[in-house]
Structures are given as C-alpha cells and as structure tokens.
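Just below is one structure, and these are the notes that go with it.
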Amino acid sequence: GLVTSSKGVATYNYESEPETCEIFCHGRLLHTIQMAQLYPDSKTFVDMKLKDTPAQTLKAFDDMMAAKNNTPSKDDLKQFVEDNFEKSGTEFEDWDPSDWKENPKFLQLVYNSELRSWGSNLNHLWKMLGRKMIKDVALHPELYSIIYVENPVIVPGGRFKEFYYWDSYWIVRGLLYSEMYTTTRGMLSNFLSIVERFGFIPNGGRVYYSKRSQPPLLAAMIQSYIEFTGDDEFAIKSVDILEHEFEFWMNNHTHEINGHILAAYGDASTGPRPESYSEDVKTAEIFETDAEKEECYSELKAAAESGMDFSSRWFIVADGSNNGTLKDLKTRSIIPVELNAILFWNAKIIAGIHSKSGNIEKANQYETKAQEIYRAIQAVLWDEDVGAWLDYDMINNKRRNYFVPTNLAPLWMKCYNISDTEHIASRVLKYINDTGIDQYPGGVPNTLSKTGEQWDFPNVWPPMQYLLIEGLEKLGTKETKELAYKWAERWTLSNYKAFKDTTHMFEKYDAEEFGGHGKGGEYEVQLGFGWSNGVVIEFLAKYGDKLRVAGGSGLLYWEDRCGESVDIRSMLRFFCDLLSKVFLIN
Ligand SMILES: OC[C@H]1O[C@H](O[C@H]2O[C@H](CO)[C@@H](O)[C@H](O)[C@H]2O)[C@H](O)[C@@H](O)[C@@H]1O
C-alpha cells in the first residue's frame, strides 16, 4: 500500500496492495494449495512465478475446482500448480558484483593464517549470496511474488532468496568490511525506494511480507555506510525518507505506558502467514471462533515482525509467566527493549544528519524525540534491581524478568546516561553473572527456556551475539571490554569449527556445543549465511590481531572448556597445568 508523502503523517494504506497478493497473500487459491501441503516447505509455493495474470490464474483455479466438485485430490492440485506456475528462481539472473575484491584490507588485520584464509572464504561467499532481478519482474510484477528492486542484493541464503530487512544490517556491515561500497549503496537505495513505495520496509522482499516489517535498522545501515565511505551527501539526500520510516513506526506501533510512549511489534494483514500457512492454521486450531483464530494469526505475524519467530519471549499465560506455547503468543502486548532502543537510535541518527546539513531546527527536533524515547526506556524498561532493561507486559502491567540478549540492547546504541557508565557496567555484569548466560561453550543462548522454538534455548543467533559484544565493548570499562573479547573469541572460533567440520556457515548455532549448529522451529537450519558471515567478518577485522587457532588457545582451548572433544594435546596441557600448580603450591 502506498502512503502519504514524506512530509505528511506516515500511515498504512490498506486500499492498494500488489496485484499478486490475490494469489500469494490471501484468498481461496492460497488456502486450498497451502492446506494441501504439496511441498515439505510451505514457502515453496508462495515463491513461484505465475504463468498468466492473477485474474486468469484465479479463473483457471475456479474452473478446476468446479470440474472436481470442489474436492480436488492432492494430485489434482499438484497438476494445477504445475500447469499454472513456474518454479521460483526464474526471477534472478547471474550477477558477478563488479566491486568485489579478492583481498579487502580486513584480511590483513587477521594474524592467524588459518583464520585469514577462512576470512577469505567468507569474502568469496558474498558472490554466492548475490541476487539480481531480471527486468521482466519490473515489467510484469503481477506475475511474481518477489518485490522488484533495481539493484542487486545480498540475501541470507538457503530458503531465504530475497532481502530480509534486519538481516541486511549485519550483511551491509560485512560488505563494508569487504569494501563492496557499490553493492552496499545499491542495497540502501533499494530500501529507500521501498519506503517511498510502501511507507516502511517489509519483513522481506516478497509481497506476502508486505504488511509487517522487521526491526527498523535502515538508518543504522546508512550510518554504517557513511562511517566507511564518508559519503555524507548520500545520508543528507536520504534523511526525509528516514524521517518517514521513523514516523511510520511512531504513528502505527506505539502505546502509552505510565505517560510514556513506547513501541511494540504488530502486523496489518488478516489470515495466517502465507509462507507458513498450514502451520499457522494448525496453531490456531485450538481456538473456536474466527475472531480468536484471527487474533492468534496476528500474534504470530507480530512475532515474525520482531525477527524472533518464535520464542517464549512472546508467551504470556494466565499467571503472567512465559510458560506457554505458540497459542499463548501475546507479542502485540509486549513492549520490546530493542525496538525502542532502535527507534531512539533512528532519532539520534536523523538528528546527526540534520546537523551535518546545517538544519539545526530539525536536528533539535529529532534530538528531542530521541531524549523522549530515552526517558521512556529508562522509566519503564530499566530495572535497577535486576541490572538490565526488561520487556514490559502491557496485560499484567509489569516487566518480564526473562533473559533475552535484547535486554542489553540499549548498550549497543548507548541509550543510557553516559555519566552513569561505571554504575551501569557493574549492574550489567552482575546480571550476566546472575543469569548464568556465560556458561555455554557455543555462545549466549537466546533465552533460557527450552521450548523447541528456534529463538529459544539452546539456539544462539549471530545478530544477538553481535549486539551483546558491541554493547559490552561500547560500555568501555576494563571488565566489560574483556568480556566482549572473550565472547567474540568464543563466537568466532565456534563458527570456525562448524565451518571446518561442514564447510558451511549456519543461520543459527548451538549454545551447548562448541561448533554446533542450531535446530528447532518450523524449517530446517539454513546455510549461507548472510548475517553469520557479516558478524564474523567484523569480528575478524576487529579482533583478528589477537585471535589464534590450534597450537595456542583457539579451538583446543575452547573445546577443553566445554569438556567435549578433549584430545591428547589438551589432556597433556591439563596435566601440565595441574603439575605446575602442585609445584607452585609446594
Ligand atoms: O518462514 C518462516 C519465517 O522465516 C523468516 O524468519 C527467519 O529468517 C529470517 C531471514 O534470515 C530472519 O530475519 C528471521 O529473524 C528468522 O526468524 C521470516 O523473516 C519470517 O517472517 C517467516 O515467517
């Protein structure tokens, strides 16, 4: 749906939506095909290309249904899909990024030759993950579920063949370290044009994602691009659109809590998620009325907007705890820490761009907005006793004291009283100690609840490790910096072990196993993988002078600590350590 101009109030316009939504977002055809579960992955169908217009396809569908007395067999439906759709993938053409470099400078910052050569592999992976759309998508958007963008994009990988909004933040940072400035700028221009078309950035680059977003990190991507290139002009030209996206969130996603305005995730469509249709129908089966089922679908889609689909983080049961299942999702009633910290960041970045261009009035206006969000976060979400910011439950009017890495998100964008740094650092370190999150060999788990959902224990997610490590690093005390390095080392070496064992980078990893990959949730773990590569490239660039594998600390060191894969060398080292201690004591 198009929206008002960038000077006006940003709002959804539900009237207009992409034409292929008739096929891929809602309606009888989508329902019938997806409920037949023709493919192991529900996303397969909604990524296909139409052979004829949506209207003709719907007519062919109605004719087929009539001919089969409205009870087609699975084979009839398979045949219908084969006759009327093409496999996905035809929307792309080969693309070799012209700005790709064999030896970006970050590689020279990596001391260890094994890790350097891995960094070079990761740099090569950008070529595998690049996607450029054929012009036919622009000429005939009514035949595709993919949203046309002019410039090639780097995608997450596996089943995720289109851009994903928040993934792109870590992808863009990796690309910047790889010095792929043209590709980065192209991706940012795509996003800016999408805000102009949709009023906000959809969850991913498909029409079926077009009524929900993801954590709004475009301003932060532009800030990263400026940091690396010094291209202030690009930011100044983009600032109206950044304002538009910011106002969209503030106008459509906010709630008043104790006199403060704070945002929550949501969604503006009806029905199950098209890409996981039968899964959502099954989850909602337990509800009797259509209205209750619709509420359940909205909660599922709001959780998808958060990027953490799915997690006990969003469960609220009758006693107010998180001890539930997907039927207990109450995402829309929870004020999430990171979303508000990101909105604070947006306002700060916009203020900074205005002050660069000399628009002091606008700079002050956005600085004031940032301060309002900061005050709201401190008043409603910061918990002095706990030592962290906590999500807020609007049903029970209380903070939710459950560990999620995002409880420390404000450290990442310095959304706290800087003159209070020492105090915050000591509270936060105590929180880390109290929650026991530092005890896992494969990284900090997303939550401490084991539900089988992919954003719960024991899965560890690259963007969350990044957020924690960056936050601790920015806090800047000796202890927090040491912990940041320890976690960065563990993360990088665990990813390296997984890569050595499998030759793959994974979308998520396993807290309980050094070098183990994640699992659970509604689809198989994906390979590729955009944000994983981006995070590791940044850690190699930042910490590569200290990181070591084999011989020194590295893999052996971490595996010893996990009590797994203990080999002869590490056993010897253990006994040597023990002997030296005995001699020292005596
Ligand atoms: O198909 C199920 C869900 O898949 C996506 O979510 C997961 O992958 C995304 C791409 O890496 C990532 O951004 C998200 O955090 C993951 O949970 C998609 O974003 C969901 O909307 C979709 O329902």
Side-chain angles (χ1 to χ4, degrees), residues 24-25 34 39-47 88 129 131 145 147 153-172 174 201-217 265-269 271-283 296-311 313-314 326 329 331 336 338-339 342 404-406 446-447 453-456 459-467 505-509 517-535:
F24 293 124
C25 306
Q34 291 294 57
Y39 309 98
D41 185 341
S42 299
K43 191 170 180 294
T44 308
F45 171 65
V46 288
D47 290 354
S88 89
L129 296 173
R131 299 284 180 277
S145 68
I147 297 171
V153 297
I154 304 293
V155 301
R159 73 200 284 273
F160 303 117
K161 293 169 286 193
E162 48 285 316
F163 77 72
Y164 281 78
Y165 184 12
W166 77 323
D167 297 53
S168 300
Y169 176 78
W170 292 277
I171 291 174
V172 153
I201 298 178
N203 176 149
R206 296 273 173 184
V207 293
Y208 52 77
Y209 288 136
S210 66
K211 293 209 167 151
R212 63 174 187 259
S213 187
Q214 268 191 336
L217 287 164
Y265 295 109
D267 172 80
S269 62
R273 285 171 302 150
E275 76 283 9
S276 304
Y277 197 100
S278 59
E279 290 87 339
D280 287 2
V281 170
K282 194 164 187 311
T283 302
C296 174
Y297 298 145
S298 293
E299 296 295 358
L300 287 156
K301 287 176 288 185
E305 182 171 84
S306 80
M308 285 195 192
D309 46 320
F310 295 102
S311 170
R313 180 184 182 194
W314 310 120
L326 287 184
L329 283 170
T331 323
E338 81 291 354
L339 175 58
I342 291 171
V404 202
T406 47
N446 207 57
T447 69
E453 299 303 337
Q454 64 166 348
W455 285 87
D456 270 325
N459 283 347
V460 188
W461 290 80
M464 294 298 116
Q465 300 309 289
Y466 179 90
L467 168 162
M505 293 296 288
F506 296 87
E507 68 169 336
K508 55 190 176 248
Y509 290 82
H517 61 75
K519 48 190 152 318
E522 66 187 26
Y523 58 84
E524 289 302 311
V525 64
Q526 298 299 298
L527 310 175
F529 196 89
W531 59 21
S532 313
N533 307 350
V535 168

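Start at 1 and go down the list; that is how both ligands and their atoms are numbered. Worth knowing before you read on, the calculation uses all heavy atoms, side chains too, and leaves out hydrogens, waters and symmetry mates.
What sits closest to atom 3 (C) of ligand 1 on the protein, heavy atoms only, is D309 OD2, 3.1 Å. The closest protein non-hydrogen atom to atom 23 (O) of ligand 1 is E275 OE2, 2.6 Å. Looking from atom 4 (O) of ligand 1 to the surrounding protein, the closest heavy atom is F160 CE2, 3.4 Å.
The pair E162-K43 meets the salt-bridge criterion, with a side-chain N (NZ, NE, NH1 or NH2) lying under 4.0 Å from an Asp/Glu carboxylate O. The residues E522 and R273 are annotated as salt-bridged, a charged nitrogen and a carboxylate oxygen being separated by less than 4.0 angstrom.
Partner of Y523 under the ring pair (Phe, Tyr, Trp, His ring centres under 6.0 Å) criterion, out of Y39, F160, F310: F160 alone.
Heavy-atom contacts of F529 reach the following atoms of ligand 1: 11 (O) (cutoff under 4.0 Å). Remark: ligand 1 atoms within the under-4.0 Å shell around heavy atoms of Y209 are 18 (C), 21 (O). Less than 4.0 angstrom separates some heavy atom of Y523 from each of these atoms of ligand 1: 7 (C), 8 (O), 16 (C). Remark: ligand 1 atoms within the under-4.0 Å shell around heavy atoms of Q454 are 17 (O). For ligand 1, the atoms closer than 4.0 angstrom to any heavy atom of S276 are 1 (O), 2 (C). The contact set between ligand 1 and D167, taken as ligand atoms under 4.0 Å from a residue heavy atom, comprises 10 (C), 11 (O), 12 (C), 13 (O). Per-residue contacts place Y164 under 4.0 angstrom from the following atoms of ligand 1 (heavy atoms of the residue considered): 9 (C), 10 (C), 18 (C), 19 (O). Atoms of ligand 1 lying under 4.0 Å from at least one heavy atom of A304, given by number and element, are 21 (O).
Here's the thing with W531: none of its N/O atoms is less than 3.5 angstrom from an N/O atom of ligand 1. Backbone and side-chain nitrogen or oxygen atoms of K43 are examined, and none is located within less than 3.5 angstrom of a nitrogen or oxygen of ligand 1. Here's the thing with G307: one of its N/O atoms is less than 3.5 angstrom from an N/O atom of ligand 1. Polar contact check, N203 against ligand 1: a nitrogen or oxygen pair lies under 3.5 Å apart. Looking at W455 next to ligand 1, an N or O pair under 3.5 Å apart turns up. Between W166 and ligand 1, at least one pair of N/O atoms sits closer than 3.5 Å.
Judged by distance alone, with hydrogens and angles left aside, the side-chain atoms of Q454 form a donor-acceptor pair with the main-chain N or O of D309 at under 3.5 Å. Panel note: side chain E305, backbone G266; a donor-acceptor pair is recorded below 3.5 Å. In this structure, K301 contributes its side chain and S269 its backbone to a donor-acceptor pair below 3.5 Å. Listed for the N446 side chain is a donor-acceptor partner under 3.5 Å among the backbone atoms of W455. Checked by atom type and distance alone, the side chain of S210 never pairs as donor or acceptor with a backbone atom of P202 at under 3.5 Å. The backbone N or O of V460 lies less than 3.5 Å from no partner atom in the side chain of Q465, so there is not a single donor-acceptor pair. Between the side chain of Q34 and the backbone N or O of P274, at least one donor-acceptor pair lies under 3.5 Å.
The proximity of Y208 to ligand 1, defined as any non-hydrogen pair under 4.0 Å, does not occur for either the backbone or the side chain. Of the heavy atoms in E522, only side-chain atoms (C-beta onward) come closer than 4.0 Å to ligand 1. The residue M308 has no part lying near ligand 1, judged by heavy-atom distances below 4.0 Å. Contact annotation: for Q526 versus ligand 1, there are no heavy atoms closer than 4.0 Å.
Below 30°, between 30° and 60°, or above 60°: for W170 and W166 the angle between ring planes is above 60°, a perpendicular geometry.
Within the structure, the closest approach of R159 to ligand 1 falls below 4.0 Å when heavy atoms are considered.
Distance check: N203 CG to R212 CZ gives 4.5 Å after rounding to the nearest 0.5 Å.
Taking 4.5 Å as the limit, some side-chain heavy atom of V404 sits within range of a side-chain heavy atom of M308.
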